[in-house]
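Report on one structure; see the data block that follows.
When a ligand or atom number is given, it counts from 1 through the structure's own listing order. Along the sequence shown, the residues carry numbers beginning at 1. None of the values given here were measured: they were computed from a predicted structure.
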Amino acid sequence: MSDRPLLMIPGPIEVSDAVRDAAGGPPPGHLAPALIEAFGASLGMLRRVWRASSDSQPFVLPGSGTSAMDSAVQNLCERGHRALLVNTGYFSDRMAEMLRRRGVTVTEVKAQPGEAPDAELVRGALASDRFDLLFATHVDTSTAVRVDAEGYARAAREHGVLSVFDGVCATAAERFEMEAWGADVYLTASQKAIGLPPGLAMLVASPRAMKAREALTVAPTMSVDWHCWLPVMRAYEERRPAYFATPATGLIRALAVGLGEILGGDDDPARAMSARFALHERGAAAFRRAWRELGLTAVPQRPALLSNTLSALYYPAGVGPELLGEIAARGVVVAGGLHPELAPRYFRVGHMGHVLTRPDAMRRGVRAIGEALAAKGAAVDVDRALAAMEEE
Ligand code: PMP
């Protein structure tokens, strides 16, 4: 990891050597026995990582997070539907646009950048009108704000409304209990906390969500249609060959490895995922202690909103986006601001997956940021920031 830039953007992320090896090499055919096994095993593991019920339906499609969002929107919604959308930033805006393109009437509960509506507010909004669906971004990557997904999902259930969560910057890192909370779709992409290169769109749909697809009068675009993919997913889970459209076969081979790493060989998914969520909590807490020592303040305005997958940090006085070049010159790649209202005022550091198993890489990230701040004239003590990472 040390002789090339360390990727600490909020996706794509660093991947383990085992995942890299599985993703590389000649692509397997989509009907090859080893591919069928990897695909079938991955679908079963998806349910465990999502903490989803045994009658829920996992889908793994070629594409990115945006394709997963399209898949959810197009399979659940059509003209005449009404959606409540909790808007916490850039990717919630994208979801709103997708819903509107599908002819859905969208009511937004919008938060200031760095804030999120609490579950009571969402419950009140759900009670104020008739809705078919609730959409929220679990962690909005533009602000690093994590919403109360449990509270929202439970409120939606109480109102008989389907709930859909964009987990692209959260799934497998932030606690999500799909079955216990009664959520209907949880979607993500391979290049974030799943720990793979980009190229796969993933989601799990509840039986209620699958029924909503049945009730549609206008079919989705074929490439994301659950009807087209369902026989393929079922066949692979039963270890039979199938075809609808060519899967990203090299990545499927890597998916079985990546999900296996997340579950850590533990056959109790509750325990395995608790350990995985705790890894992210501990890692994020160590980074936060370092940021505090470096005098950096977070975009999320309350501790409860701080995500464990990335930090969004305001530049200190006198420092601006040129800091990113200084950090890159020290071999670490972080991301600029993304929220349209704040973009030039802050930067983002991704900390999910593999990097959290590498304390040397975590320290390398903090050292590069601290030294870059010092180079820009900020009064920082990098060694103190590094020491703070160790103090639990
Ligand atoms: N939603 C969220 C929360 C994201 O962070 C991203 C990507 N950063 C997307 C959706 C879109 O995913 P992709 O870029 O893989 O299409």
Side-chain angles (χ1 to χ4, degrees), residues 7-15 23 50 59-74 83 85-99 101 108 110-111 113-114 116 134-149 152 163-176 183 185-204 221 223-224 248 251 254-255 258 280 284 299-300 305-312 333-340 342-343 346-353:
L7 205 49
M8 288 190 72
I9 58 175
I13 66 167
E14 293 285 336
V15 305
W50 266 238
F59 290 92
V60 178
L61 314 178
S64 75
T66 306
S67 333
M69 294 165 74
D70 261 329
S71 188
V73 166
Q74 292 195 33
L85 179 118
V86 179
N87 190 325
T88 45
Y90 185 91
F91 290 102
S92 310
D93 284 344
R94 177 171 298 185
M95 186 64 95
E97 170 66 14
M98 274 182 186
L99 287 162
R101 286 187 184 194
E108 295 191 41
K110 200 162 182 152
L134 169 73
F135 284 85
T137 314
H138 193 183
V139 171
D140 196 294
T141 325
S142 65
T143 58
V145 162
R146 181 190 55 223
V147 301
D148 176 4
Y152 294 4
S163 62
V164 178
F165 293 88
D166 170 353
V168 174
C169 201
T171 307
E174 301 282 6
R175 181 169 291 283
F176 196 87
V185 171
Y186 194 40
L187 64 90
T188 192
S190 51
Q191 77 274 19
K192 307 249 181 175
I194 300 292
L196 258 62
L200 296 178
M202 281 165 275
L203 59 86
V204 177
T221 306
S223 62
V224 296
L251 289 175
L255 184 61
H280 286 78
V299 172
L305 303 178
L306 290 165
S307 79
N308 292 321
T309 52
L310 82 157
S311 297
V333 185
V334 300
L338 185 60
H339 194 291
L342 298 178
Y346 75 104
F347 66 107
R348 296 171 302 142
V349 184
H351 37 76
M352 47 192 129

For ligand 1, which of its N or O atoms have a protein N or O partner closer than 3.5 Å, and how long is each gap?
| residue | atom | partner | partner atom | Å |
| --- | --- | --- | --- | --- |
| ligand 1 | 1 (N) | Asp166 | OD1 | 3.4 |
| ligand 1 | 1 (N) | Asp166 | OD2 | 2.6 |
| ligand 1 | 5 (O) | Thr141 | OG1 | 2.3 |
| ligand 1 | 5 (O) | Lys192 | NZ | 3.1 |
| ligand 1 | 8 (N) | Lys192 | NZ | 2.7 |
| ligand 1 | 15 (O) | Ser64 | OG | 3.4 |
| ligand 1 | 15 (O) | Gly65 | N | 2.8 |
| ligand 1 | 15 (O) | Gln191 | NE2 | 2.8 |
| ligand 1 | 16 (O) | Ser64 | OG | 2.5 |
| ligand 1 | 16 (O) | Gly65 | N | 3.3 |
| ligand 1 | 16 (O) | Thr66 | N | 2.8 |
| ligand 1 | 16 (O) | Thr66 | OG1 | 2.5 |

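Tyr346 places a side-chain N or O within 3.5 Å of a backbone atom of Leu338 that can act as its donor or acceptor partner.
Taking CD1 of Ile9 as the start and CE of Met352 as the end, the distance is 9.0 Å to the nearest 0.5 Å. Here the straight-line distance linking atom OG of Ser190 with atom CG of Leu251 works out to 6.0 Å at 0.5 Å rounding.
At least one side-chain heavy atom of Thr171 sits under 4.5 Å from a side-chain heavy atom of Trp50.
Across every non-hydrogen atom of Ala201 and Ser67, the tightest pair is CB-CB, 4.1 Å.
Considering only residues two or more places apart in sequence or on other chains, Thr137 meets the side-chain contact (heavy atoms from CB on, under 4.5 Å) condition with Thr88, Phe91, Ser92, Asp140, Asp166.
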